[in-house]
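Treat the numbers as computed from the prediction; the structure is a model and nothing was measured. In each ligand, atom 1 is the first atom listed, and ligand 1 is the first ligand listed.
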Amino acid sequence: MSVIQAPRGTFDVLPADMARRAVLEAHAERILGAAGYARIETPTFEATELFARGVGQATDIVQKEMYTFDDGGGRSLTLRPEGTAPVCRAYMEHGMHKLGQPVKLWYLSSFYRAEAPQRGRYRQFWQVGAEAIGSAGPDTDAELIVLLADLLLAMAVREVRLRLSSLGTPETRAEYRRELAEYLHAHEDGLSPEVVARIDLNPMRAFDAGDRTTRETMRGAPTLLDRLADEDAEHFARVRELLDGAGIGYELDPTLVRGLDYYARTVFEFTSDALGAQSGVGGGGRYDGLIEQLGGKPTPASGWAAGVERILLSASEQPIAPDVVDLFVAVAKPDADVAAFALANEARGAGMSAQMELAGRSLKGQLKHADRIRARYVAIIGDTMDVSLKDMESGAQTEVHSTAVIPTILRGSRLA
Ligand code: HAM
């Protein structure tokens with residue numbers, strides 16, 4: 001019989017990988033918590049319509065990357081491909097507009113996209129994300145950007161660059177899209193067939209194209225940054241001023257295209273040159289129209305998400321403290337296991353980390369194992385009520401009464 005493997009594009013998070021993820025989680029908790037963000041978790045699947053309406057019909061995500069299924073009762077559900085639309089749904093569903101605004105939320109969750117797997121691109125992946133709902137100010141955008149920069153710095157992500165742009169309002173964008181589509185139609189000969197096919201669906205995607213001819217052609221294309229309405233230009237100038245004040249370096253990139261349709265005004269993306277093809281570490285922006293799009297009242301909002309695997313791939317290795325094992329309980333004869341079991345339990349009850357022999361090893365094998373798991377003490381249970389307590393660091397070994405084992409370790413006194 002063939003052995004079953006994990007589905008393509010998925011991976012196991014093994015105990016050795018878990019430690020680095022825990023470090024990321026702790027940094028996120030600390031950095032976002034200090035800025036008033038509270039953690040949220042939404043369901044793994046949602047009504048398909050949430051993403052169709054939220055992320056946008058014309059996006060790659062909705063067109064070809066969603067894991068959509070029938071729930072058996074004729075309702076279409078989709079494994080969440082991203083977290084912003086679900087968080088907005090939760091904001092509306094729980095009447096969070098009644099809370100003090102903006103409502104600041106963060107998440108660390110798994111997401112699902114049926115993309116072609118490669119290094120840094122998976123079908124199930126994790127994102128850490130932050131959303132500030134209910135504030136239109138440029139300071140909210142700048143704060144969010146600074147927080148992601150802080151997180152990437154804390155994780156020692158290498159060769160980080162920040163690209164920044166503004167998309168203006170939907171009206172400006174619609175007008176600009178018409179202008180851009182006109183330009184693209186007039187230059188169809190210099191564009192790849194794929195780009196030509198999408199001109200009327202989403203002309204902005206032409207800036208995303210990888211082939212040289214299209215890129216050449218796009219160099220002469222009008223840019224949205226030059227077409228911003230006064231209010232949007234001012235908003236963007238203020239975001240830049242705040243970032244400059246915070247000492248955050250960025251490149252203005254009027255061709256910055258995000259793969260989701262809900263953005264308005266500020267958009268940004270952090271990349272790492274250490275990553276290769278899938279260089280996007282994290283990105284986001286302002287999405288003032290999304291909640292209305294989902295049936296709510298007009299509510300300004302802004303946020304970002306960063307890929308956990310991409311952060312870990314681009315981060316410098318940091319030393320991870322090994323797990324501490326205070327006590328390993330060894331048995332010197334077969335029927336000592338009841339006493340060993342009781343002692344290990346008692347030690348854990350007293351707040352220590354304690355393990356006992358579970359594999360039927362010889363005493364020599366048990367001591368070797370205790371050494372491998374870096375146990376600080378080994379208690380060897382034998383015939384009598386006395387226990388041999390061995391200090392694994394000094395090598396010293398003394399006989400103590402079984403009731404004295406835990407107090408001796410808790411005193412932390414080294415055996416000599
Ligand atoms: P996104 O740019 O689609 O934005 O994804 C954010 C990050 O998730 C990417 O920069 C990347 O690091 C990671 N990511 C995306 N797809 C994959 C994949 N297939 N495998 C591994 N990592 C991946 C969003 O999802 C928006 N919801 C961000 C946002 C929040 N905007 C406003 N608020």
Tell me, which protein residue and heavy-atom name are nearest atom 11 (C) of ligand 1, and how many Å apart are they? R310 NH1, 3.4 Å
Using a 4.0 Å cut-off to any heavy atom of G280, which atoms of ligand 1 qualify? 10 (O), 11 (C), 12 (O)
Element-labelled atoms of ligand 1 that are located less than 4.0 Å from some non-hydrogen atom of G282: 10 (O)
Relative to atom 23 (C) of ligand 1, which among F268, F125, W304 owns the nearest non-hydrogen atom? F125
Pairs flagged by salt bridge (charged side-chain N to carboxylate O under 4.0 Å, His left out) wherever residues 62-78 is involved - sequence neighbours left out: D60-K64
Within the supplied structure, the quantity of interest is the number of heavy atoms (other residues, nucleotides, ligands) at a distance under 6.0 Å from D230 CG; does it exceed 12? no
Among R113, R121, E82, whose heavy atom sits nearest atom 3 (O) of ligand 1? R113
Answer yes when E179 and R227 have at least one side-chain N-carboxylate O distance shorter than 4.0 Å, and no when they do not. yes
Quick one: does R310's side chain have a donor or acceptor within less than 3.5 Å of a partner on G120's backbone? yes
N-O pairing of R80 and E46 below 4.0 Å: no
Name the option, out of W126, F111, Y122, Y263, that contains the heavy atom nearest to atom 31 (N) of ligand 1. Y263
Subset of ligand 1 atoms that lie under 4.0 Å from at least one heavy atom of G284: 31 (N)
Identify, by atom number and element, the atoms of ligand 1 in contact range of G303, meaning under 4.0 Å from any of its heavy atoms. 30 (C), 31 (N), 32 (C), 33 (N)
Is there at least one pair of N or O atoms, one from Y287 and one from ligand 1, spaced under 3.5 Å apart? no
At less than 4.0 angstrom from any non-hydrogen atom of E131, what atoms of ligand 1 do you find? 30 (C), 32 (C), 33 (N)
Quick test of your reading: applying side chain to side chain donor-acceptor pair (under 3.5 Å), list the pairs with at least one residue in residues 291-305, sequence neighbours left out, ordered by first then second residue. D141-S302
Rounded to the nearest 0.5 Å, the CE atom of M155 sits from the CD1 atom of I311 at a distance of 6.5 Å
Side-chain ion pair, E393 and R376, N-O less than 4.0 Å: no
Could you check which of Q124, Q127, E115 puts a non-hydrogen atom nearest to atom 5 (O) of ligand 1? Q127
Can you tell me the protein heavy atom closest to atom 26 (C) of ligand 1 and the distance? Y262 OH, 3.3 Å
In this structure, atom 30 (C) of ligand 1 is nearest to the protein heavy atom T84 OG1, 3.0 Å
For ligand 1, find out whether one of its N or O atoms is nearer than 3.5 Å to an N or O atom of V281. yes
Is the distance between the ring centroids of F11 and Y122 under 6.0 Å? yes
Against heavy atoms of G283, which atoms of ligand 1 measure under 4.0 Å? 28 (C), 29 (C)
Which heavy atom of the protein is the closest neighbour of atom 13 (C) of ligand 1, given with residue, atom name and distance? G307 CA, 3.6 Å
Rounding to 0.5 Å, atoms CZ (F51) and CG (L79) come to a distance of 9.0 Å
Tell me: protein heavy atom nearest atom 1 (P) of ligand 1, and distance? R258 NH2, 3.6 Å
R177, CZ: over 12 other non-hydrogen atoms inside 6.0 angstrom: yes
Quick one: which ligand 1 atoms are inside 4.0 Å of a heavy atom on A305? 6 (C), 7 (C), 28 (C), 29 (C), 30 (C)
for atom 21 (C) of ligand 1, nearest protein heavy atom and its distance come out as G120 O, 3.3 Å
Please report the shortest heavy-atom distance between V281 and T271, naming the atom on each side. CG2-C, 4.0 Å
